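What follows is a short report on a single structure.
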Amino acid sequence: MELVAGSYEQVLFGFTVQRGPARSGHQETWTPVADFTHHSHTASLSVLAANSRYVVSGSKDETIHIYDMKKKVEHGALVYHAGTVTCLKFHGSRFLISGAEDGYISIWDVKRWECLKSIKAHRGHVTFLSIHPSGKLALSVGTDKTLRTWNLIEGRSAFIKNIKENAHIVEWSPSGGKYIVVMQNKVDVYRLGTASVSGTITNGKRISSVTFLSDAVLAVAGDEEVVRFFDCDSLECLSEFRAHENRVKDMVSFEVPDHHVLVTASNDGFIKMWTLPQDKKGPPSLLCEANTGARLTCLTVWLDREANGMESLPPAAEPCPDQPKTIKKESGDTLQEETSEPNSEKSDVSGDSKQPTKGNSPVTAKKRKMANMSEKKRKKKM
């Protein structure tokens with residue numbers, strides 16, 4: 001188990017959590033041990049995601065960096081989006097979906113790190129996206145004041161709903177029977193069957209992160225030190241607790257044998273792990289904490305286990321247009337780079353370059369010309 005957090009200071013922090021056996025009269029011990037710090041981005045980190053093998057980080061420098069957690073090496077960087085990368089979501093072990101301020105949502109093949117599809121999703125920024133547990137639907141919100149439902153089987157927009165304000169978070173419940181949309185300090189709860197608001201939760205300050213603890217209980221953190229648990233049906237606040245000394249920036253919840261764990265990260269530099277009571281309604285107990293000394297912005301947890309769930313995503317959205325790119329390939333324990341066929345207009349997977357290419361120009365005009373010339377030669381031979 002690895003806690004991974006990003007910061008304003010452009011640094012990625014990793015802590016391995018070691019679990020010790022419970023002694024007589026004492027609880028099981030959880031100890032975070034500093035594992036790595038990595039400075040690969042050239043601007044503050046904005047979002048993190050993890051699957052059974054990789055952790056990916058998005059940044060204001062417009063790049064997505066890939067880390068192989070089993071080998072503990074940086075695997076490369078994806079250069080596609082123009083603007084801050086705002087959201088990253090893995091679907092199983094096969095697909096990664098990204099969104100950014102350029103208004104695009106992109107689907108990546110994790111095995112080859114190729115951009116399979118690119119969809120112009122919003123007229124403004126894409127601020128958040130969430131994949132339905134079935135893998136067939138996705139939701140996205142943006143600064144164009146719309147909530148969009150995507151049919152991932154066909155790779156097209158299925159439904160557009162105009163909302164009164166710019167939403168900055170959207171999230172499915174674990175069963176997929178409901179979803180929530182966050183605007184400033186309000187959480188609108190929607191039922192999937194009716195696609196209408198069944199109720200609204202109001203927090204004290206602007207909400208920075210939410211996570212479902214169960215289908216009925218939602219954890220809400222905002223621009224304050226407190227985390228609150230709300231009942232999504234009654235809309236009542238079940239409990240609250242002071243988690244940090246500064247605002248809570250991100251939260252992750254997951255289950256391991258004998259524990260339902262909530263992890264929080266804050267601007268105060270601390271990552272904290274909490275164990276929830278069985279009913280998930282009362283305040284949690286602190287398991288352990290780690291001090292990074294940085295202003296944390298985002299958080300994920302990497303669990304060393306195989307991904308579950310469906311692995312199928314659509315073949316049918318608009319493909320990424322043609323352009324040469326560099327793919328970093330593995331050969332035993334060594335890493336080799338090779339140039340692939342022209343494949344994606346904006347996308348690029350770069351190697352270990354310390355200064356990743358940015359924006360809409362992942363390859364130079366000279367490289368593009370060379371790739372076109374080699375393509376013509378190959379056609380003549382055929």
Side-chain angles (χ1 to χ4, degrees), residues 1-8 11-37 45 48 50 55 171 174 201 203-214 216-231 236-305:
M1 184 189 306
E2 190 104 13
L3 307 179
V4 184
S7 64
Y8 283 112
V11 178
L12 189 71
F13 298 90
F15 291 86
T16 300
V17 179
Q18 298 176 350
R19 296 176 63 178
R23 298 178 181 178
S24 177
H26 297 276
Q27 292 183 339
E28 178 186 14
T29 59
W30 294 55
T31 307
V33 178
D35 188 24
F36 66 85
T37 57
L45 279 77
L48 291 167
V55 165
E171 199 71 73
I201 294 168
N203 193 50
K205 293 188 178 181
R206 185 183 187 275
I207 296 168
S208 56
S209 180
V210 298
T211 185
F212 278 96
L213 305 180
S214 69
V217 181
L218 183 72
V220 177
D223 290 345
E224 54 188 331
E225 305 86 357
V226 174
V227 175
R228 296 182 177 90
F229 297 167
F230 288 93
D231 188 302
E236 295 180 356
C237 180
L238 302 172
S239 63
E240 66 176 60
F241 66 100
R242 185 186 177 92
H244 290 272
E245 297 302 317
N246 206 328
R247 58 181 177 173
V248 180
K249 289 294 291 183
D250 206 355
M251 298 187 296
V252 176
S253 67
F254 62 95
E255 292 189 55
V256 293
D258 303 323
H259 290 280
H260 190 131
V261 179
L262 177 69
V263 188
T264 58
S266 167
N267 273 167
D268 65 9
F270 279 87
I271 307 169
K272 296 187 180 184
M273 298 185 73
W274 313 82
T275 182
L276 302 173
Q278 193 169 6
D279 62 3
K280 302 179 180 66
K281 295 181 179 180
S285 302
L286 182 65
L287 286 171
C288 62
E289 62 183 32
N291 186 6
T292 65
R295 296 170 298 160
L296 301 180
T297 58
C298 49
L299 173 72
T300 193
V301 177
W302 177 73
L303 301 173
D304 190 6
R305 64 190 183 193

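As the structure is a prediction and not an experimental result, all values here were calculated from the model.
- Residue Glu240 holds its CD atom at 8.0 Å from CZ of Phe230, rounded to the nearest 0.5 Å.
- With contacts defined as side-chain heavy-atom distances shorter than 4.5 Å, the pair Thr31/Arg19 does not qualify.
- For Arg242 against Trp274, the heavy-atom pair with the smallest separation is O-CH2, 4.2 Å.
- Between the side chain of Thr297 and the backbone N or O of Gly6, at least one donor-acceptor pair lies under 3.5 Å.
- In this structure, Val252 and Thr300 approach most closely via the heavy-atom pair CG2-CA, 4.0 Å.
- Contact of the Leu276 side chain with the Leu213 side chain is registered, since non-hydrogen atoms from C-beta on lie closer than 4.5 Å.
- The backbone N or O of Ser285 sits nowhere less than 3.5 Å from a side-chain atom of Thr275 that would complete a donor-acceptor pair.
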I would like to know whether Leu299 and Val4 meet side chain to side chain contact (heavy atoms under 4.5 Å, CB included); could you show each step before the answer?
CA-CA 6 Å; Leu299 173 72; Val4 184; over 6 Å; no

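- Counting all heavy atoms, side chain and backbone alike, Ala265 lies closest to His244 at N-NE2, 4.1 Å.
- Two residues are said to be in side-chain contact when any heavy atoms from C-beta on lie closer than 4.5 Å; Leu296 and Ile271 meet this criterion.
- Residues Phe13 and Ser7 are in side-chain contact: their nearest non-hydrogen atoms beyond the backbone lie under 4.5 Å apart.
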Give the intermediate values and the outcome of side chain to side chain contact (heavy atoms under 4.5 Å, CB included) for residues Met1 and Met273.
CA-CA 12 Å; Met1 184 189 306; Met273 298 185 73; 3.7 Å; yes

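- Between Phe254 and Leu303, the closest side-chain pair of non-hydrogen atoms falls below 4.5 Å.
- Across all their heavy atoms, Lys281 and Phe229 have their closest contact at O-CD1, 3.9 Å.
- The shortest heavy-atom contact between Ser239 and Pro283 is OG-N, 3.6 Å.
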Side chain to side chain contact (heavy atoms under 4.5 Å, CB included), that's the test. Do Phe241 and Arg228 meet it? Break it down for me.
CA-CA 7 Å; Phe241 66 100; Arg228 296 182 177 90; over 6 Å; no

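- Side chain of Asp250 to backbone of Ser209: no donor-acceptor contact under 3.5 angstrom is found.
- For the ring pair (Phe, Tyr, Trp, His ring centres under 6.0 Å) test, no residue two or more places apart in sequence or in another chain qualifies with Phe36.
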One pair to check against side-chain hydrogen bond (donor to acceptor under 3.5 Å, both in side chains): Gln278 and His260. What are the steps and the verdict?
CA-CA 8 Å; Gln278 193 169 6; His260 190 131; over 6 Å; no

Side chain to side chain contact (heavy atoms under 4.5 Å, CB included) for Thr16 and Glu2? Distances and angles first, verdict last.
CA-CA 5 Å; Thr16 300; Glu2 190 104 13; 3.1 Å; yes

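- Looking at Lys272, its side chain never comes within 3.5 Å of a backbone N or O of Leu286 through a donor-acceptor pair.
- Partners of Phe15 under the ring pair (Phe, Tyr, Trp, His ring centres under 6.0 Å) rule, at least two apart in sequence or in another chain, do not exist in this structure.
- A donor-acceptor pair under 3.5 Å is formed between the side chain of Ser208 and the backbone N or O of Val248.
- Ser214 places a side-chain N or O within donor-acceptor distance of the main-chain N or O of Val217, the cut-off being under 3.5 Å.
- Of the possible donor and acceptor atoms, one in the side chain of Ser266 sits under 3.5 Å from a partner among the backbone N and O of Asn246.
- Salt bridge status for Arg247 with Glu225: absent, with no side-chain N to carboxylate O gap under 4.0 Å.
- In this structure, Cys298 SG and Leu45 CG are separated by 5.0 Å, a value rounded to the nearest 0.5 Å.
- Thr264 places no side-chain N or O within donor-acceptor distance of the main-chain N or O of Met251, the cut-off being under 3.5 Å.
- Nearest heavy atom pair, residue Val17 against residue Leu3, reads CG2-CG, 3.7 Å.
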